[in-house]
Amino acid sequence: MFEDPLFWICVLPGMLLGLYAQSRIKRNVAYYSQVRTGGGITGAQVARRLLDAQGLHDVAVESTPGILSDHYDPRAKVLRLSQNVYFTPSVAAAGIAAHEAGHALQDAEDYTPMEARTYIVPFVQLASQVAPWLFVAGLVLQMNAITWTGVVLFGASFVFALITLPVEFDASRRAKKLLVSQGIIQGKDQIEGVDHVLDAAAWTYVAAAVSAIGVWLFYVFVLLFRGRGSAEPR
């Protein structure tokens with residue numbers, strides 16, 4: 001597969017975009033982690049203040065190991081922040097914490113794209129494990145129905161990536177609005193800092209979508225143009 005030029009044509013754009021997105025977010029987070037918030041408020045305090053301001057007192061805020069491992073768990077109603085965000089009084093930490101608080105607010109409002117993403121996660125996880133086996137089995141057994149089933153299941157990751165885009169963009173929009181309305185970030189420099197951090201993070205989701213589309217197209221092309229001969233009865 002890796003020697004196939006078609007694979008690289010389909011997958012390389014997503015890989016390059018992903019590398020660009022990762023380098024950009026690491027650079028912006030590192031820079032704005034050195035810019036302190038007014039009053040020295042930490043990421044954990046930012047999250048707690050924003051959640052309480054929206055009446056989400058039942059949502060817990062916890063620290064979690066890892067770098068950029070921040071996430072909101074809608075099933076447990078817990079907002080988990082990496083230690084560099086949880087304990088740090090910086091513009092970068094404030095932006096990341098506010099973004100995750102935005103997800104909690106989406107959950108409280110039954111934001112449709114977020115609900116859809118939450119419900120399809122188990123299916124996507126199962127599909128990603130089963131799809132390669134079905135695809136290969138279909139080609140080997142020369143059974144188009146099985147092969148196409150594998151291709152359709154590969155598409156689940158693509159659909160998940162597309163649903164993720166509006167969820168993440170909306171959370172960032174909410175984060176910026178909440179940070180300004182609560183007076184946590186003030187002045188042009190701090191607002192631009194949050195913009196740079198969250199916009200860089202958004203590129204990682206765009207890269208994931210492009211990558212998922214590329215992988216799916218590769219398998220479609222293999223089946224349509226290269227697997228046809230082997231799939232036909234002799």
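We count residues from 1, following the sequence as given.
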Spell out, yes or no, whether F87 and V61 are grouped together once hydrophobic residues are joined by side-chain heavy atoms under 4.5 Å, including indirect joins.
-> yes
* **Working for side-chain contact (heavy atoms from CB on, under 4.5 Å), residues D170 and R174** => CA-CA 6 Å; D170 179 74; R174 293 171 188 261; 2.5 Å; yes
Separation between CD1 (I25) and CD1 (I96), nearest 0.5 Å, reads 6.5 Å
- Task: Start with the C-alpha distance between V194 and Y32, add both sets of side-chain angles, then the distance that settles side-chain contact (heavy atoms from CB on, under 4.5 Å), and finish with yes or no.
- Result: CA-CA 8 Å; V194 169; Y32 287 103; over 6 Å; no
One should read off an interatomic distance between L153 CG and W148 CH2, to the nearest 0.5 angstrom, of 12.5 Å
Between V59 and A104 the two heavy atoms that sit nearest each other are CG1-CB, 4.4 Å
Q) Under a single-linkage definition using a 4.5 Å side-chain heavy-atom cutoff for Ile, Leu, Val, Met, Phe, Trp and Tyr, are I67 and V85 assigned to the same hydrophobic cluster? A) yes
Practice prompt. Could you tell me whether a side-chain N or O of E168 sits under 3.5 Å from a main-chain N or O of T164, the two making a donor and an acceptor?
Written response: no
Do D199 and R24 sit within salt-bridge range, that is, some charged N less than 4.0 Å from a carboxylate O? no
Quick one: are L179 and V46 in side-chain contact, heavy atoms under 4.5 Å? yes
key: Test item: S172 side-chain N/O and F169 main-chain N/O as donor-acceptor pair under 3.5 Å   = no
Over 60° means perpendicular and under 30° means parallel, so tell me whether Y20 and W203 are parallel, tilted or perpendicular. perpendicular
Shortest non-hydrogen pair, S33 vs S90, comes out as O-CB, 3.3 Å
What one should report as the nearest heavy-atom pair of Y72 and E100 is N-OE1, 3.3 Å
Look at the rings of H99 and Y205 and say which category their plane angle falls in: under 30° parallel, 30 to 60° tilted, over 60° perpendicular. parallel
Check your understanding: Would a hydrophobic clustering, with Ile, Leu, Val, Met, Phe, Trp and Tyr connected at side-chain separations under 4.5 Å, put L198 with L17?
Key -> no
| message | Using a 6.0 Å cut-off, check whether atom NZ of K177 has over 12 heavy atoms from anything other than its own residue. | response | no
Distance col, row M15:CE vs C10:SG, nearest 0.5 angstrom, shows 13.0 Å
In terms of hydrophobic clusters joined by side-chain contacts under 4.5 Å, are L68 and L81 together?
-> yes
Please answer: with hydrophobic residues joined when any side-chain heavy atoms are less than 4.5 Å apart, are V167 and I213 in the same cluster? no
By salt bridge (Lys or Arg N to Asp or Glu O under 4.0 Å), R48 pairs with (sequence neighbours left out) D52
(message) Run the side-chain contact (heavy atoms from CB on, under 4.5 Å) test on V124 and S157 for me, step by step, so that the C-alpha distance in whole Å, both residues' side-chain angles and the decisive distance to 0.1 Å come before the verdict.
(response) CA-CA 6 Å; V124 172; S157 296; 4.2 Å; yes
Heavy-atom closest pair (R49 atom, I184 atom, distance to 0.1 Å) is NH1-CG1, 3.7 Å
Notebook entry, point to check: Is any side-chain N of the basic residue among R80 and D73 closer than 4.0 Å to the acidic one's carboxylate O?
Noted result: yes
Rounded to the nearest 0.5 angstrom, the CG-CG distance for D107 and L56 is 8.5 Å
Margin query: Under the criterion side-chain contact (heavy atoms from CB on, under 4.5 Å), I'd like the reasoning laid out for H103 against L79: C-alpha separation, chi angles, the key distance, then a yes or no.
Written below: CA-CA 9 Å; H103 284 313; L79 194 158; over 6 Å; no
Separation between OG1 (T147) and CG (L139), nearest 0.5 Å, reads 4.5 Å
task = Please work out which of the three classes, parallel, tilted or perpendicular, describes the rings of W216 and F158, given edges at 30° and 60°.
result = parallel
So CZ of F218 and CH2 of W8: to nearest 0.5 Å the spacing works out to 10.5 Å
Correct closest heavy-atom pair for A131 and G150 would be CB-O, 3.5 Å
**Q.** Test item: T204 side-chain N/O and A200 main-chain N/O as donor-acceptor pair under 3.5 Å
**A.** no
Closest non-hydrogen atoms of I163 and P113, given as atom of the first, atom of the second and distance, are CG2-O, 3.4 Å
Across all chains, not counting sequence neighbours, the side chain to side chain contact (heavy atoms under 4.5 Å, CB included) partners of Q45 are I41, T42
